[in-house]
Amino acid sequence: MDNYDQKLGIKAWAEADRPREKLLLQGRRQLTDAELIAILIGSGSRTETAVDLSKRILNFYQNDLAKVAKLSVKDLSKFKGIGEAKAISIVAALELGRRRKESEKEGPVKITSSKDAYEILRSELADLVHEEFWILVLNRANFVTSKHLISKGGQSGTVADPKVIFKVAIENNAANIVLAHNHPSGNLKASSADINLTKKMVQAGLLLEIPIYDHLIITDHSYLSMADESLM
């Protein structure tokens, strides 16, 4: 099927399939919790779409996914429109999410090397088809206190505005920050634009007394540290 036929096919999808269309066109991170659950449910009824059914379930539990994740197949099957098969799909998906969370390193993470920063950011930046720019906010002991998406772009690049980066850093009481962006192409080489931006950021950080600890370039399977490579 060529792209033209594929676009026609997507436009012809029923309203109940719109979450699938949105995921294909915009990516999984753009879907609401209700839309993601609707994909698991698959279909609604003549009087209620899968999304509306998902909203009804979430509203019943105050839109708290943690509460929904604790439900059994029997609990979910009490909702009209949720049979055993649909309930099993929801329970299985939420259990996978729980296991993933448990497998992640628990507690505050201290950055002592570029690899530490990479391990935290890998899940955010790997397997993307577009570029994103993130920062890690560190306290004075170099523990990570938060991470923030700064911008996203296309396959060839994204714009990282130093004013936005330092605004986020200041608002989150950063003592140091780590910069990071991905290269969807898999190329680990730092471009001249990457190097120029980093040097500009380093100078600005010195003035604001918020040093740049590192700038990582991340691909699906590896990373480059500009600090380790003396490119800062």
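One is the number of the first residue; the rest follow in order along the sequence. Just the heavy atoms: all of them, side chains too, but no hydrogens, waters or symmetry mates, feed the values below.
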Item to complete: Applying side chain to side chain contact (heavy atoms under 4.5 Å, CB included), run through Val109 and Ile120 and close with a yes or a no.
Response: CA-CA 9 Å; Val109 178; Ile120 294 174; 3.6 Å; yes

Practice prompt. Given side chain to side chain contact (heavy atoms under 4.5 Å, CB included), test Phe133 with Ile165 step by step and report yes or no.
Written response: CA-CA 10 Å; Phe133 200 102; Ile165 292 171; 3.7 Å; yes

Fill in: Residues Arg29, Leu149; criterion side chain to side chain contact (heavy atoms under 4.5 Å, CB included); working and verdict
CA-CA 12 Å; Arg29 297 181 187 179; Leu149 171 63; over 6 Å; no

Worksheet entry | Trace of the side chain to side chain contact (heavy atoms under 4.5 Å, CB included) decision for Ile57 with Ile82 | CA-CA 10 Å; Ile57 295 170; Ile82 298 292; 3.9 Å; yes

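Note that CD1 of Ile41 is 9.0 Å distant from OG1 of Thr49, once rounded to the nearest 0.5 Å. The distance from the CG atom of Leu231 to the NZ atom of Lys189 is 10.5 Å, given to the nearest 0.5 Å. Note that NZ of Lys152 and NE2 of His181 are 16.0 Å apart. Values are rounded to the nearest 0.5 Å. Of the inter-residue distances, the one linking Thr219 atom OG1 with Arg122 atom CZ reads 11.0 Å to the nearest 0.5 angstrom. Note: Leu188 CG to Ser225 OG = 11.5 Å, rounded to the nearest 0.5 Å.
When hydrophobic clusters are built by joining Ile, Leu, Val, Met, Phe, Trp and Tyr residues whose side-chain heavy atoms come closer than 4.5 Å, directly or via intermediates, Leu36 is not grouped with Leu128. Using a 4.5 Å cut-off between side-chain heavy atoms of Ile, Leu, Val, Met, Phe, Trp and Tyr, with links allowed through other members, Val68 and Ile88 fall into the same hydrophobic cluster. Note: the hydrophobic cluster containing Ile39 does not contain Leu94 (ILVMFWY, side chain heavy atoms under 4.5 Å, direct or indirect links). Under the 4.5 Å side-chain heavy-atom criterion for grouping Ile, Leu, Val, Met, Phe, Trp and Tyr, Phe143 is not connected to Trp134 through any hydrophobic cluster. Ile195 is connected to Met201 through a chain of hydrophobic side-chain contacts under 4.5 Å among Ile, Leu, Val, Met, Phe, Trp and Tyr, so both are in one cluster.
Applying the salt bridge (Lys or Arg N to Asp or Glu O under 4.0 Å) test to Arg56 and every residue at least two apart in sequence or in another chain returns Glu48. A search for salt bridge (Lys or Arg N to Asp or Glu O under 4.0 Å) contacts involving Lys167 returns Glu171, not counting sequence neighbours. Residues forming a side chain to side chain contact (heavy atoms under 4.5 Å, CB included) with Thr47 (at least two apart in sequence, or on another chain): Ser45.
The closest side-chain heavy-atom distance from Val168 to Ile177 is not below 4.5 Å. Residues Val51 and Arg18 fail the side-chain proximity criterion, which asks for heavy atoms closer than 4.5 Å. When side chains are defined from C-beta on, Val164 does not count as touching Ser151, because their heavy atoms never get closer than 4.5 Å. Taking the side chain as every heavy atom from C-beta outward, His183 and Ile218 never approach each other to under 4.5 Å. Residues Lys115 and Glu119 have side chains in contact (heavy-atom distance under 4.5 Å, counting atoms from C-beta outward). A 4.5 Å side-chain heavy-atom check between Arg20 and Leu24 finds every atom pair outside the cut-off. Residues Asn172 and Thr145 fail the side-chain proximity criterion, which asks for heavy atoms closer than 4.5 Å. Proximity of Asn63 to Asp33: side-chain heavy atoms (C-beta onward) are nowhere separated by under 4.5 Å.
Between the side chain of Ser54 and the main chain of Ala38, a donor-acceptor pair closer than 3.5 Å is present. For Asn196 (side chain) and Ala193 (main-chain N/O), no donor-acceptor pair under 3.5 Å exists by modelled atom type. Side chain of Glu35 to main chain of Thr32: a donor-acceptor pair is present (N/O by atom type, distance under 3.5 Å, no hydrogens or angles).
Considering all non-hydrogen atoms of both residues, His130 and Asn182 come closest at O-ND2, 2.8 Å. The heavy-atom pair separating Met232 from Thr198 by the smallest distance is CG-CG2, 3.5 Å. Residue Asp194 comes nearest to Met226 through the heavy atom pair O-CE, 3.8 Å, listed as atom of the first residue, atom of the second, then distance. The two residues Val91 and Leu71 make their nearest non-hydrogen contact at CG2-O, 3.8 Å. Nearest heavy-atom pair, Ala141 versus Lys110, reported as atom, atom and distance to 0.1 Å: O-CE, 3.1 Å. Of all heavy-atom pairs between Ser114 and Asp228, the closest is OG-OD2, 2.6 Å.
Screening residues 138-147 for salt bridge (charged side-chain N to carboxylate O under 4.0 Å, His left out), with sequence neighbours left out, gives Glu124-Lys147. Residue pairs meeting the salt bridge (charged side-chain N to carboxylate O under 4.0 Å, His left out) criterion with at least one partner in residues 208-226, sequence neighbours excluded, do not occur; the list is empty. Pairs passing the salt bridge (charged side-chain N to carboxylate O under 4.0 Å, His left out) check and including a residue from residues 71-87, sequence neighbours excluded, do not occur.
Inspection of the Asn142 and Asn176 side chains reveals an N or O donor paired with an N or O acceptor under 3.5 Å.
Here the options are Val137, Leu136, Ile135, the test is side chain to side chain contact (heavy atoms under 4.5 Å, CB included), and the partner is Ser146; only Val137 passes.
In this structure, Phe79 and Phe60 have perpendicular ring planes: the angle between them is above 60°, well past the 30° mark.
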